[in-house]
Asks: 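One structure coming up, written as C-alpha cells, with questions to follow.
Every chain is numbered from 1 and lettered A, B, ... according to where its sequence line falls, protein lines coming before strand lines. A quick note: this is a predicted structure, and the numbers were derived from the prediction, not measured.
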Protein chains: 2
Amino acid sequence: MPLHFVLTATCNSKYPKGSNFYNMVLTHTEENYLKAIFKISEEDGNETATTNAISAEMNTAAASVTDMLRRLSDKKLINYEKYKGVTLTKEGKSVATALIRKHRLWEFFLVEKLHFDWDEIHDIAEQLEHVNSPELVTRLNDYLGNPRFDPHGDPIPDENGNMPVREQVSLLRLKPGEVGKLTGLRNNSDQLMKYLKKNSIGIGTKITILEHHEFDESLSVKIDDKQEMGLSNKVSKNLLVQTE
Amino acid sequence: MPLHFVLTATCNSKYPKGSNFYNMVLTHTEENYLKAIFKISEEDGNETATTNAISAEMNTAAASVTDMLRRLSDKKLINYEKYKGVTLTKEGKSVATALIRKHRLWEFFLVEKLHFDWDEIHDIAEQLEHVNSPELVTRLNDYLGNPRFDPHGDPIPDENGNMPVREQVSLLRLKPGEVGKLTGLRNNSDQLMKYLKKNSIGIGTKITILEHHEFDESLSVKIDDKQEMGLSNKVSKNLLVQTE
DNA sequence: ATTTATTTTTAGATTAATCTAAAAATATAT
DNA sequence: ATATATTTTTAGATTAATCTAAAAATAAAT
Ligand SMILES: [Mn+2]
Ligand SMILES: [Mn+2]
Ligand SMILES: [Mn+2]
Ligand SMILES: [Mn+2]
C-alpha cells in the first residue's frame, strides 16, 4: 500500500584530514554541481554557467546555488564573480571529466557485462560515478577493453580528461539514398531510447534514407536493410549518424 | 499490514517516489550504523549492542550514537530503550544483511573480475555497497555465478538474507598429520592478509600440520605440499579451516 | 532615461550529522 | 550501603545542504 512519503536524506562523506589540493575529497553534492556546470558550459553558446541554469540543472533553488558557488569558489574549483556566472578552473574541469569518465565506464559495464538496456543504466551510473578509487577506474577501464564510447554513443574521457571526437551529423541532413550509422543521440531521453529500442534501433544501426516528406519534415527510412518505417522530424533531428 | 508513519528524508541523489516501508531510502550514515549494530550483535556473547560499542565501531562520539539511535528507533529499524542497548528489528536486520550481501558481492567482483588482491578491496566495497538498485544486485549476482563466499571466506547472504553456514575450526585445533583447507579468517586484518599473501597462503590453500610447539604454542606446517614454515600462535588462531 | 521584469544575492530557518562538556544513570568496588 | 568509576544521555555548538522570502543588481522594454 503506497504511502506518501517525503524523503530527505543527506549523503555526506567525511573530509579526511590532511587532504590537499590534489586529493581533495569532495561531497557528492559538490561533485554534482561541478558536473552540472561542465554540462552547461558544453552546451553550445554558453560562455559561462549562470546561477539559474545551474539551479534548473540541479533542481535546487537559486539561493542554494549561490551558496554552493561560494563554496566551490573557495576551493578554487570555479571562477566566480557575483552576478557574472561561473566557469570551471582547470582543477574543476579535471574533477568533472573524471566523473564523466567514471559515469560512462560504469554505463558501459552495465550494458556489456550485466546486459542492462541503454535506458536503464543512467540512474545507477549516477551513483557509481561517486565511488572514489583511482585504481578501480584503471582496472575497470582495462577490464572493459578501454572503450571510447558509452552505450549512448557519448565519448568516454581518457585518463587525462580528453574526449574522443567524432564526426556525426543529424540524420535529417542526409539525402535520400544516403546511409548513416547511428552513433549517438542529441539528448539522452529515456522516452527516445525506449522508442528506438522498440523499433530495433540502437547504436550501430544502419539507417538508409528513402524519402523526405516536405509537409511535416519527417523521413521514410530503412532499418538495417530490414523493416521500412517513418521517423518524425523530432526523432530524426535527435539521431546522430556517421555517413559511409 | 498498515504502516502509518510519515518520514522525512532528503538525499542529494533522487529518491524514488512511492517509497514505502519496505524500500525506505536511508542515508549512508544510517546504513553504516545498522551494519555496525549487526556486526556487534553477531560477535559472540553480545545480546545487545551498547552505545559505546557502536561508538567504537563507528569512530564517532557516544553522544552522536545516542542521537542516531533515536533516529533509527523512530524509523523502527532498531529496538531501543534508554541505557539498555539496542537490537535490530526484523526490518533493520534485513537492511543490514542486504548491505552485507552487496558488500561481499562487490568484493567478489573486484577480485574475480578486476583481479584486485584480497587486502585491497574492503574500502572500495564500503562505497559500492551503498549503491541502491535491487536490479543491479540481482544481475551482479548472476554475472558472478551466484557466489556463496567472498574473497575473505565470509558468507554472502542470499536474496532473503540467509547466510550459508560452514563448518570451520581454527587451525590450532588440528593435530599433527591432519590437513586443513583455509576457508576463512577470524578477523579480516589487512596485516594478516598481507602476511599470508607474502607466504602464498590464501582461501583454498591446503595446510598440513607438521608439529605443535609447546613453548610458544606455534605450529610447523606445510603449505600446499610445497614450502614448510612456522606459524605463530596468533596467526594460527586466526586461520579457519575445513578438515578432510 | 525611466520603468518594469528578470536574475542573483542576502537573510533567516531547518535538518542531518557531527562534536565537546556537563549531567544523569548504571555498574563496580570498598 | 556508600563511594567511585563507567556508561549513557542531554545540552549547546558547528557545518553542509537545503529552503522561502525579501533585497539588490542587471537586463529588457517602453
Ligand atoms: Mn548517463
Ligand atoms: Mn551515457
Ligand atoms: Mn569487506
Ligand atoms: Mn569480505
Asks: Between P on dA16(C) and CG on Asn32(B), what's the gap in Å once rounded to a whole number?
Replies: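 Distance, rounded to whole Å: 17 Å.
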Asks: Sequence neighbours left out, cut at 3.5 Å: what donor-acceptor pairs do the side chains of residues 93-101 of chain A make with other protein atoms?
Replies:
from      : atom 1 : to        : atom 2 : distance (Å)
Thr97(A)  : OG1    : Lys93(A)  : O      : 3.0
Thr97(A)  : OG1    : Ser94(A)  : O      : 3.2
Arg101(A) : NH1    : Pro157(A) : O      : 2.8

Asks: Tell me: CG of Leu72(A) to C1' of dA16(D), nearest whole Å?
Replies: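 Value for this atom pair: 12 Å.
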Asks: Check whether any side-chain nitrogen or oxygen of Thr50(A) sits under 4.0 Å from OP1 or OP2 of dT7(C), and answer yes or no.
Replies: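 Result: no.
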Asks: What string of B, S and - do you get for nucleotides 10-15 of chain D 5' to 3' if you count protein non-hydrogen atoms under 4.0 Å?
Replies: BB----
Asks: Rounding to a whole Å, what distance do you find between Leu69(A):CG and dA17(D):C1'?
Replies: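 Atom-to-atom, Leu69(A) to dA17(D), this comes out as 13 Å.
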Asks: Test of understanding: with side chain to side chain contact (heavy atoms under 4.5 Å, CB included), list the residues that count as partners of Asn132(A), not counting sequence neighbours.
Replies: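 Result, side chain to side chain contact (heavy atoms under 4.5 Å, CB included) vs Asn132(A): Pro134(A), Gln127(B).
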Asks: What's the CE-C1' distance between Met68(A) and dT18(D), to the nearest Å?
Replies: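 My rounded result for the distance is 10 Å.
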Asks: Looking only at side-chain atoms of Thr60(B), point me to the closest of dT18(D), dC19(C), dA16(C).
Replies: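 Per side-chain heavy atoms of Thr60(B), the pick is dC19(C).
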Asks: Output yes when at least one side-chain N/O atom of Asn52(B) is less than 4.0 Å from OP1 or OP2 of dT8(D), else no.
Replies: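 Result: yes.
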Asks: In whole Å, what is the span from the CG atom of Asn59(B) to the C1' atom of dC19(C)?
Replies: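 After rounding, the gap between these two atoms is 14 Å.
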Asks: State which of dT20(D), dT9(C), dT26(C) makes the closest approach to the side chain of Tyr83(B).
Replies: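 Of the candidates, dT26(C) comes closest.
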Asks: Starting from the C-alpha separation in whole Å, work towards a yes-or-no answer on ring pair (Phe, Tyr, Trp, His ring centres under 6.0 Å) for His152(A) and His122(A).
Replies: CA-CA 10 Å; His152(A) 308 109; His122(A) 179 77; 7.3 Å; no
Asks: Can you see whether Asn233(A) engages Ser218(A) through a side-chain donor-acceptor pair at a distance of less than 3.5 angstrom?
Replies: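 The answer is no; no qualifying pair exists.
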Asks: Please state how far atom CG in Leu26(A) lies from atom C1' in dA17(D), giving the value in whole angstrom units.
Replies: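 Checked: the CG to C1' distance equals 15 Å.
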Asks: Please determine whether a side-chain nitrogen or oxygen atom of Thr51(A) lies at a distance below 4.0 Å from atom OP1 or OP2 of dT9(C).
Replies: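 Yes, because at least one side-chain N or O of Thr51(A) sits under 4.0 Å from OP1 or OP2 of dT9(C).
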Asks: Indicate whether the side chain of Asn79(A) and that of Thr89(A) have a donor and an acceptor atom separated by less than 3.5 Å.
Replies: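 Asn79(A) vs Thr89(A): no donor-acceptor pair found between side chains.
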Asks: As a quick check of understanding, evaluate side-chain contact (heavy atoms from CB on, under 4.5 Å) for Glu57(A) and Ile40(A), giving each step before the final call.
Replies: CA-CA 8 Å; Glu57(A) 180 69 31; Ile40(A) 293 162; 4.1 Å; yes
Asks: Please report, rounded to the nearest Å, how far the P atom of dT8(D) is from the CD1 atom of Ile78(B).
Replies: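 Result: 13 Å.
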Asks: Expressed as a whole number of angstroms, how long is the span from Ile54(A):CD1 to dA17(D):P?
Replies: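 Distance check: Ile54(A) CD1 to dA17(D) P gives 15 Å.
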Asks: Report, as yes or no, whether the 6.0 Å neighbourhood of atom NZ on Lys197(B) holds more than 12 heavy atoms from other residues, nucleotides or ligands.
Replies: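 Yes, enclosed.
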